[in-house]
There are 2 protein chains.
Amino acid sequence: MAKIKEMKITTLGYALLGLLARSEQTGYDLSQGLKDPVSFFWHAQHSQIYPELAKLEFSGLVKYKLIEQTERPDKKVYSLTPLGKKHLEMWLHAPLTVSKVRDELVLKAYSLWLADSKAAVQMMRDHAEAHAERLAEYERRLELVKRKTNKQPSLESPWFGVQAVLMRGIGYEREYVAWCKWMIERLEKT
Amino acid sequence: MAKIKEMKITTLGYALLGLLARSEQTGYDLSQGLKDPVSFFWHAQHSQIYPELAKLEFSGLVKYKLIEQTERPDKKVYSLTPLGKKHLEMWLHAPLTVSKVRDELVLKAYSLWLADSKAAVQMMRDHAEAHAERLAEYERRLELVKRKTNKQPSLESPWFGVQAVLMRGIGYEREYVAWCKWMIERLEKT
DNA sequence: TCCCTCATGTAAAAGGTTACATGATTTA
DNA sequence: TAAATCATGTAACCTTTTACATGAGGGA
């Protein structure tokens with residue numbers, strides 16, 4: 001009656017399954033993948049990824065081939081098992097509550113009536129610039145998707161996922177820049 | 001040489017200081033305050049707030065009066081000390097890197113090419129509705145700010161902080177709804 | 001020479017959620 | 001009668017970050 005190989009899959013686990021559904025990868029690759037472009041909505045350090053992969057493997061959701069290398073450390077190339085794909089699909093269809101936001105800049109804005117307004121303007125300028133850069137990067141990537149798929153990916157193509165998250169990223173960053181600019185204007189005209 | 005009363009202040013600590021800079025409050029009040037409207041960009045459970053307040057008090061950033069009550073449990077009314085205000089202002093002026101986003105719906109969107117598109121549409125509809133409700137709520141609150149401050153709060157008024165975060169909230173939710181609608185359209189026309 | 005990339009892990013600490021614990025009053 | 005509000009806390013657990021650990025090869 002003992003429950004074997006049953007472990008609760010975390011959101012990070014599903015993030016990894018989602019990446020592996022596209023192509024087999026090493027833990028190292030995945031830690032890069034969770035930077036770019038997935039990093040926009042989910043991120044993790046390699047110290048979290050390696051143990052998570054071990055759990056997924058133990059639960060039979062992923063498997064790996066060991067590739068021996070001479071000039072580089074050996075590597076484990078992970079791929080989805082049919083069970084892993086099934087679990088990923090189950091997760092996709094499960095209901096989800098709205099994710100909570102944590103944004104330290106907005107938290108600061110809440111107390112900005114106590115701050116020096118010149119310093120506040122400078123802070124907002126810096127963030128406007130950082131978000132504008134991200135916006136440009138996502139727009140560049142969306143152009144790339146268009147080129148690779150002839151205008152529009154089909155709904156069954158992994159490129160659809162890329163398009164979907166880039167669209168969200170673009171909207172998010174564009175709106176963030178607009179807010180920073182509104183803040184700057186408000187702070188500047190006494 | 002021993003370091004006494006020196007503790008690193010967490011972001012939650014600053015969130016609490018920012019609330020106490022507006023008015024003295026109990027831990028209970030603060031846990032409500034971190035729901036509404038601050039919850040949009042920072043949130044915490046009371047189990048995190050009470051120990052954090054104790055730390056802030058130990059460090060001399062806040063103090064409290066014990067109010068004895070007969071029909072209700074006794075309460076501690078916290079307020080900012082001058083040191084607390086100084087630290088809050090220092091934090092406001094400290095540089096800040098861009099906050100990372102964690103959004104499980106966008107994570108799902110990335111793998112949505114594997115899902116049933118009808119179910120996906122339903123999920124997007126639910127989220128569009130939830131975000132539209134928040135949008136309406138923030139807009140209602142912004143109207144209230146306008147009425148309370150005769151159109152526009154001054155930069156030195158705490159209402160400016162409220163206006164700032166509501167503006168961000170409104171932009172965020174409006175853009176989120178727009179993305180959900182774009183997703184629905186894409187998923188519906190084959 | 002120093003830093004970056006590839007490549008995998010572990011350990012410790014910090015941050016955050018869920019559950020446990022108590023108990024009177026008010027509202028549905 | 002059941003749930004919500006007021007009011008404060010602790011304990012256990014889970015998640016995430018930062019630091020420790022190793023080591024070869026390539027580029028500035």
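Just so it is clear: chains get the letters A, B, ... in the order the sequence lines come, proteins before strands, and each one is counted from 1. In this text the structure is predicted, and so the values were computed from the model without any measurement.
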Among [options], which nucleotide sits nearest the side chain of [X]?
X     : options              : value
A/Q45 : D/dT17, C/dG9, D/dA7 : D/dT17
B/H46 : C/dG9, D/dG9, C/dG16 : D/dG9
B/P73 : D/dG9, C/dG23, C/dC6 : C/dG23
B/K75 : D/dT15, C/dT5, D/dA7 : D/dA7

Can you measure [X] atom [atom1] to [N] atom [atom2] for me and round it to whole angstrom units?
X      : N      : atom1 : atom2 : value
B/I49  : D/dC6  : CD1   : P     : 14 Å
A/R72  : C/dG9  : CZ    : P     : 17 Å
A/E57  : C/dG9  : CD    : C1'   : 15 Å
B/E104 : D/dT15 : CD    : C1'   : 13 Å

Please check the phosphate of [N] (OP1 and OP2 only) for any side-chain N or O of [X] closer than 4.0 Å.
X      : N      : answer
A/K76  : C/dG9  : yes
B/Y28  : D/dT8  : no
B/H43  : C/dT17 : yes
A/Y50  : C/dT8  : yes
A/Q69  : C/dC6  : no
B/R102 : D/dT17 : yes

Comparing A/E71 and B/V77 on DNA chain D - which has the more 5′ nearest nucleotide: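 The residue mapped nearer the 5' terminus is B/V77.
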
Less than 3.5 Å between a donor and an acceptor, one on the side chain of A/S47 and one on the base of D/dT16, is that the case here? no

Pair of N/O donor and acceptor under 3.5 Å linking C/dT8 base with A/T26 side chain: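 Between C/dT8 and A/T26, which were checked side chain against base, a qualifying N/O pair under 3.5 Å is absent.
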
Does the pair [X]/[Y] count as a salt bridge with the N-to-O cut at 4.0 Å?
X      : Y      : value
B/K86  : B/E89  : no
B/R174 : B/E139 : yes
A/R147 : A/E143 : no

Worked verdict on B/K65 versus B/E24 for salt bridge (charged side-chain N to carboxylate O under 4.0 Å, His left out): CA-CA 10 Å; B/K65 295 180 295 208; B/E24 50 174 41; 3.2 Å; yes

Treat each ILVMFWY residue as a node, draw an edge where side-chain heavy atoms are under 4.5 Å apart, and state whether B/W182 and A/L135 are in one component.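 Looking at the clustering, A/L135 is in the same group as B/W182.
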
Relative to the 5' end of DNA chain C, which residue comes earlier, B/Q48 or A/P51, by the nucleotide with the nearest heavy atom?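 Mapping each residue to its closest nucleotide by heavy atoms, the 5'-most match is A/P51.
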
Which donor-acceptor pairs under 3.5 Å do the side chains of residues 159-172 of chain B make with protein atoms, sequence neighbours left out?
| residue | atom | partner | partner atom | Å |
| --- | --- | --- | --- | --- |
| B/Q163 | OE1 | A/R186 | NH1 | 2.3 |
| B/Q163 | NE2 | B/Q152 | OE1 | 2.8 |

Would you mind telling me which of B/K118, B/R125, B/K181 makes a salt bridge (charged side-chain N to carboxylate O under 4.0 Å, His left out) with B/E188?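 In the set B/K118, B/R125, B/K181, the residue that makes a salt bridge (charged side-chain N to carboxylate O under 4.0 Å, His left out) with B/E188 is B/R125.
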
Residues from residues 15-22 of chain A lying under 4.0 Å of DNA chain C - heavy atoms: none

